[in-house]
Amino acid sequence: MNRSRATFLATLCVIGLFSAEGAFAQQEDRWRFGVGTGISSFSLDGDIGVATSQGGVIDDIDLDNSETMDLIQSGIGGALFARKGPWTINLRVANFTLEDSDADVDYEWDNVLAESTVVYNFATTGNHRWGVLGGVRYIEHQWDITTATESLDPEDDWTDLVVGMTHAVPLAARWSWSNRVDYGFGESEGVWSAETSVNWQPFDHWLFNLGFTWFSAEFNDEGDVDQPDFYFYDVDQPAFRLGFLYLW
């Protein structure tokens with residue numbers, strides 16, 4: 001598959017991490033469900049460190065949205081939720097692979113995210129609905145780096161507990177605004193995430209949202225730079241997304 005076709009397919013498949021909070025205007029005492037995917041455009045800004053034969057090296061990464069789209073080889077993701085009354089169960093997964101090649105280095109980076117959370121809507125003030133969130137998030141990084149002198153394959157994975165809050169408010173008959181902020185902790189050094197989206201439900205079974213996500217993750221300690229298995233990641237990943245959901 002050539003690069004232009006692969007990038008086009010990745011653009012269609014990379015996950016739009018939708019929020020279930022905007023899916024149904026009223027809490028109902030029966031199960032409601034939704035499944036969806038979307039398109040996402042993200043940038044990367046921070047530091048990544050790996051162990052080499054000459055010792056640990058930390059480099060900065062600064063890629064804007066157009067640059068990451070040029071490097072995407074594949075991407076796929078999806079999400080689903082189940083809701084009854086004040087309770088919502090969310091599950092979302094995503095995987096993307098970046099590749100690059102130049103005169104000095106070839107690399108391939110595979111990034112996996114899987115997350116399961118439960119939201120409890122604990123209060124309603126006017127039209128505003130407020131919830132607390134808890135769950136688990138798994139992230140895995142796998143690299144294949146080839147230079148003129150060596151081949152490297154750093155990899156690591158982290159499982160965190162996630163806690164946060166959600167907010168949703170209707171804007172009009174078929175429009176709503178939803179928000180989420182959370183923090184992950186455990187095996188990582190800390191992962192902050194914030195999402196905001198405007199949701200439009202033109203049909204009973206279909207919902208679309210346009211949103212922005214800020215994902216800031218730090219994994220491992222840069223002070224371990226002399227360790228033979230050194231891998232360090234401290235990167236901000238802001239993203240714009242368009243999500244598509246089917247509801248029933």
* Asked: Can you tell me how far the CG atom of Asp110 sits from the OG1 atom of Thr97, to the nearest 0.5 Å?
  -> 3.5 Å

* Gap between atom CD of Glu155 and atom CD of Gln142 - 0.5 Å precision -> 5.0 Å

* **Closest non-hydrogen atom pair, Trp248 against His205** => CA-ND1, 4.0 Å

* To do: Answer yes if the side chains of Asn90 and Ser116 hold a donor-acceptor pair under 3.5 Å, and no otherwise.
  => no

* **Residue Trp158 excluded, over 12 heavy atoms near CH2 under 6.0 Å** => yes

* Applying the 4.5 Å side-chain criterion to the ILVMFWY set and letting contacts propagate, would Leu161 and Leu133 be lumped into a single cluster? -> no

* Asked: Would Ser40 and Arg241 count as having a side-chain donor-acceptor pair, cut-off 3.5 Å?
  -> no

* Should Phe208 and Phe33 be counted in the same cluster of Ile, Leu, Val, Met, Phe, Trp and Tyr side chains packed under 4.5 Å apart? -> yes

* Asked: Which atoms form the tightest heavy-atom contact between Ile61 and Asp47, and what is the distance?
  -> CG2-N, 4.4 Å

* Asked: Got Leu152 and Thr52 here, is their nearest side-chain heavy-atom distance under 4.5 Å?
  -> yes

* Can you name the nearest heavy-atom pair linking Ser193 to Arg137, along with the distance? -> CB-NH2, 4.1 Å

* Aromatic plane relationship, Tyr183 with Phe185 - under 30° parallel, 30 to 60° tilted, over 60° perpendicular -> parallel

* To do: Kindly compute the distance separating CG (Asn199) from OG (Ser178), expressed to the nearest 0.5 Å.
  => 4.0 Å

* Asked: Honestly curious: do Val235 and Tyr231 fall in one hydrophobic cluster under the side-chain, below-4.5 Å linking rule?
  -> yes

* **Gap between atom CG of Asp70 and atom CG of Asn65 - 0.5 Å precision** => 11.0 Å

* Asked: Can you say whether the rings of Trp87 and Tyr120 are parallel (under 30°), tilted (30 to 60°) or perpendicular (over 60°)?
  -> tilted

* Just checking, any donor-acceptor pair under 3.5 angstrom between side chains of Thr196 and Trp177? -> yes

* Asked: When rounded to the nearest 0.5 angstrom, what is the spacing between CG in Leu91 and CG in Leu80?
  -> 5.0 Å

* Go through Phe219 and Ile139 one step at a time and tell me if the side chain to side chain contact (heavy atoms under 4.5 Å, CB included) criterion holds. => CA-CA 10 Å; Phe219 303 126; Ile139 295 176; 3.7 Å; yes

* What do you reckon, is CD of Glu150 surrounded by more than 12 foreign heavy atoms closer than 6.0 Å? -> yes

* Asked: Given the rule in the ring pair (Phe, Tyr, Trp, His ring centres under 6.0 Å) test, do Trp206 and Phe244 qualify, once you have shown the distances and angles that lead to the verdict?
  -> CA-CA 7 Å; Trp206 288 98; Phe244 314 86; 8.5 Å; no

* Short side-chain donor-acceptor distance under 3.5 Å, Ser43 and Asp64 -> no

* Going hydrophobic residue to hydrophobic residue with side-chain gaps under 4.5 angstrom, can you get from Leu63 over to Leu113? -> yes

* Asked: Looking at CG of Asp62 and CG of Asp236, how far apart are the two atoms once the value is rounded to the nearest 0.5 Å?
  -> 10.5 Å

* Please name the pair of heavy atoms, one in Ile145 and one in Val105, separated by the smallest distance, quoted to 0.1 Å. => CG2-CG2, 3.7 Å

* Mind running side chain to side chain contact (heavy atoms under 4.5 Å, CB included) on Val136 and Thr159 for me, showing each step along the way? => CA-CA 7 Å; Val136 178; Thr159 301; 3.7 Å; yes

* May I ask you to check whether over 12 heavy atoms, not counting those of Phe240, lie within 6.0 Å of atom CZ? => no

* Consider only side-chain N and O atoms of Thr125 and Trp130, and report whether a donor and an acceptor are under 3.5 Å apart. => yes

* Asked: Which pair of heavy atoms, one from Gln237 and one from Leu44, lies closest together, and at what distance?
  -> OE1-CD2, 3.5 Å

* Please test Phe42 against Phe215 for ring pair (Phe, Tyr, Trp, His ring centres under 6.0 Å), starting from the C-alpha separation and ending with a verdict. => CA-CA 10 Å; Phe42 62 91; Phe215 192 80; over 10 Å; no

* Honestly curious: do Val118 and Phe122 fall in one hydrophobic cluster under the side-chain, below-4.5 Å linking rule? -> yes

* Structure fact -> The side chain to side chain contact (heavy atoms under 4.5 Å, CB included) partner of Val191 among Asp160, Asp182, Val162 is Asp160

* Begin from the C-alpha positions of Glu195 and Asn179 and carry the test side chain to side chain contact (heavy atoms under 4.5 Å, CB included) through to its verdict. => CA-CA 6 Å; Glu195 306 173 19; Asn179 303 280; over 6 Å; no

* Answer yes or no: are there more than 12 heavy-atom neighbours, outside Trp143 itself, under 6.0 Å from its atom CH2? => yes

* Asked: Does a donor on one side chain sit under 3.5 Å from an acceptor on the other, for His141 and Asp156?
  -> no

* Minimal non-hydrogen separation, Gly34 against Leu247, with atom names -> CA-CD2, 4.1 Å

